[in-house]
Student: 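One structure follows; several queries about it will come next.
Counting convention: from 1, in listed order, for ligands and their atoms alike.
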Amino acid sequence: MLLPIDTLLTPQEVHYCRQQLAAGPWQDGSLTAGTLAVQVKRNLQLDDHSEQALQLRQLILGKLQSHPLFVSATLPSRYFPPKFNCYQDGGHYGLHVDNAILALGSPEQLRSDVSCTLFLNSPDEYDGGELVIETRYGAQQVKLEAGSLIIYPSTSLHQVLPVTAGQRICSFFWIQSLIRDAHQREMLFELDQSVQALTVALGEGDAEVGRLSQLYHNLLREWAV
Ligand SMILES: O=C(O)CCC(=O)C(=O)O
Ligand SMILES: [Fe+2]
């Protein structure tokens, strides 16, 4: 499931991120690429240890944790601290799959189940730079408004097309989900969305809403790892 989440950040929050990023120490993205990725990756990344990265991570993680649609769709168990990238002058990231286990061997180790890109500048500010995600139904091109986020299964092959004019600035990160399997996660998401809509329409006291809600929680209990 590819799911866009519109306006995770307000325009004011996007503005704050852009200010911090303008000041931030950027480095060659190939420094942090694995042995395979280094052959296909050409971009800049904010130094993960910088003050700017620490500040922005806190802001983004806080917004994610309090966003009901994001939580329902990803069922997060652990968050990889958001990173920041910038593509310009033909910069791109060729077709790849994200590492299954991130920060391998460290206390932050996490299995990537859901990959996320949060767009931090407007699509009007650059040409190219589409995030292209291969799905069972063909390749999908994604380029969202500043402050919006796309989530997609980490099992997918994906690439960022060359940015031929301007700059594309994003945050990207991964989620380890309570539900490892993308299909199970998607079914739970759809059930949860229906339960929420029926709760509004029929009220919390409705017996059938109660039964569907019981089903949701018992499936989650059954499948959560
Ligand atoms: O910039 C993006 O949208 C995705 C970056 C990416 O695929 C990665 O860093 O693994
Ligand atoms: Fe990736």
Side-chain angles (χ1 to χ4, degrees), residues 1-6 8-9 14 17-18 21 24 26-48 50 53 56-57 60 64 70 73-74 78-104 108-135 139-177 182:
M1 176 179 64
L2 265 57
L3 183 76
I5 299 204
D6 292 335
L8 177 81
L9 301 183
V14 169
C17 291
R18 294 289 300 279
L21 290 171
W26 291 88
Q27 39 186 227
D28 188 337
S30 63
L31 288 175
T32 54
T35 40
L36 280 178
V38 77
Q39 296 164 30
V40 291
K41 184 175 181 184
R42 188 155 83 76
N43 68 358
L44 295 172
Q45 281 182 201
L46 186 69
D47 179 352
D48 289 330
S50 63
L56 295 182
R57 262 186 227 143
I60 294 171
L64 294 173
F70 179 82
T74 60
R78 306 191 59 185
Y79 293 80
F80 192 86
K83 295 162 84 73
F84 300 86
N85 63 21
C86 172
Y87 296 78
Q88 58 192 6
D89 301 327
H92 60 276
Y93 197 161
L95 199 64
H96 68 280
V97 71
D98 295 334
N99 285 345
I101 308 293
L102 302 167
L104 187 64
E108 289 80 43
Q109 178 173 306
L110 151 157
R111 185 189 63 235
S112 60
D113 294 321
V114 181
S115 298
C116 309
T117 294
L118 168 62
F119 290 78
L120 290 173
N121 67 336
S122 162
D124 302 341
E125 292 177 52
Y126 56 96
D127 293 339
E130 291 83 359
L131 173 62
V132 184
I133 303 162
E134 310 265 326
T135 76
Q140 305 282 321
Q141 298 209 357
V142 182
K143 190 167 173 175
L144 301 180
E145 292 299 329
S148 294
L149 173 84
I150 184 83
I151 64 180
Y152 58 99
S154 300
T155 46
S156 324
L157 278 167
H158 56 282
Q159 61 182 312
V160 179
L161 297 184
V163 172
T164 53
Q167 283 188 322
R168 172 195 192 266
I169 300 168
C170 290
S171 173
F172 62 104
F173 48 92
W174 296 271
I175 306 293
Q176 180 172 318
S177 175

Student: Flag Asp98 as yes when one of its N or O atoms lies below 3.5 Å from any N or O atom of ligand 1, and as no otherwise.
Tutor: yes
Student: Any salt bridge (charged side-chain N to carboxylate O under 4.0 Å, His left out) involving residues 109-124? Give me the pairs, sequence neighbours left out, ordered by first then second residue.
Tutor: Arg111-Asp113
Student: Can you label the angle between the Phe172 ring and the Trp174 ring as parallel, tilted or perpendicular, going by 30° and 60°?
Tutor: perpendicular
Student: Give the atom numbers and elements of ligand 1 that come within less than 4.0 Å of a heavy atom of Arg168.
Tutor: 1 (O), 2 (C), 3 (O)
Student: With heavy atoms of Phe172 as the reference, note each atom of ligand 1 found under 4.0 Å away.
Tutor: 9 (O)
Student: Which heavy atom of Arg168 sits nearest to which heavy atom of Thr117, and what is that distance?
Tutor: NH2-CG2, 4.1 Å
Student: Angle at the Fe ion (ligand 2), NE2 of His158 to OD1 of Asp98, rounded to 10 degrees, please.
Tutor: 100°
Student: Among all protein heavy atoms in this structure, tell me which lies nearest to atom 8 (C) of ligand 1, with the distance rounded to 0.1 Å.
Tutor: Tyr93 CE1, 3.4 Å
Student: Using modelled atom types only, decide if a donor and an acceptor are shared between the side chain of Asn43 and the backbone of Tyr93 within a distance under 3.5 Å.
Tutor: no
Student: So Glu125 and Ile169, do their side chains get closer than 4.5 Å, heavy atoms only?
Tutor: no
Student: Would you mind listing which atoms of ligand 1 come within a distance below 4.0 Å of any non-hydrogen atom of Tyr87?
Tutor: 1 (O), 5 (C)
Student: By number and element, which atoms of ligand 1 are closer than 4.0 Å to a non-hydrogen atom of Val160?
Tutor: 1 (O), 2 (C), 3 (O), 4 (C)
Student: For His96, is at least one N or O under 3.5 Å away from an N or O on ligand 1?
Tutor: yes
Student: Any side-chain heavy atom of His158 within less than 4.5 Å of one from Asp98?
Tutor: yes
Student: Does ligand 1 have a heavy atom under 4.0 Å from the side chain of His158, from its backbone, from both, or from neither?
Tutor: side chain
Student: Can you find an N or O of Tyr152 that's nearer than 3.5 Å to an N or O of ligand 1?
Tutor: no
Student: Any side-chain donor-acceptor pair under 3.5 Å between Thr74 and Ser177?
Tutor: no
Student: Does Arg42 reach the main-chain N or O of His92 with its side chain, forming a donor-acceptor pair under 3.5 Å?
Tutor: no
Student: Testing the basics here: between Ser171 and Leu120, what is the closest heavy-atom pair and its distance to 0.1 Å?
Tutor: N-CD1, 3.9 Å
Student: Heavy-atom distances under 4.0 Å decide this one: backbone, side chain, both or neither, for Asn43 against ligand 1?
Tutor: neither
Student: For ligand 1, which atoms, with element, lie under 4.0 Å from some heavy atom of Thr117?
Tutor: 2 (C), 3 (O), 4 (C)
Student: May I ask whether Gln159 places a heavy atom under 4.0 Å from ligand 1?
Tutor: no
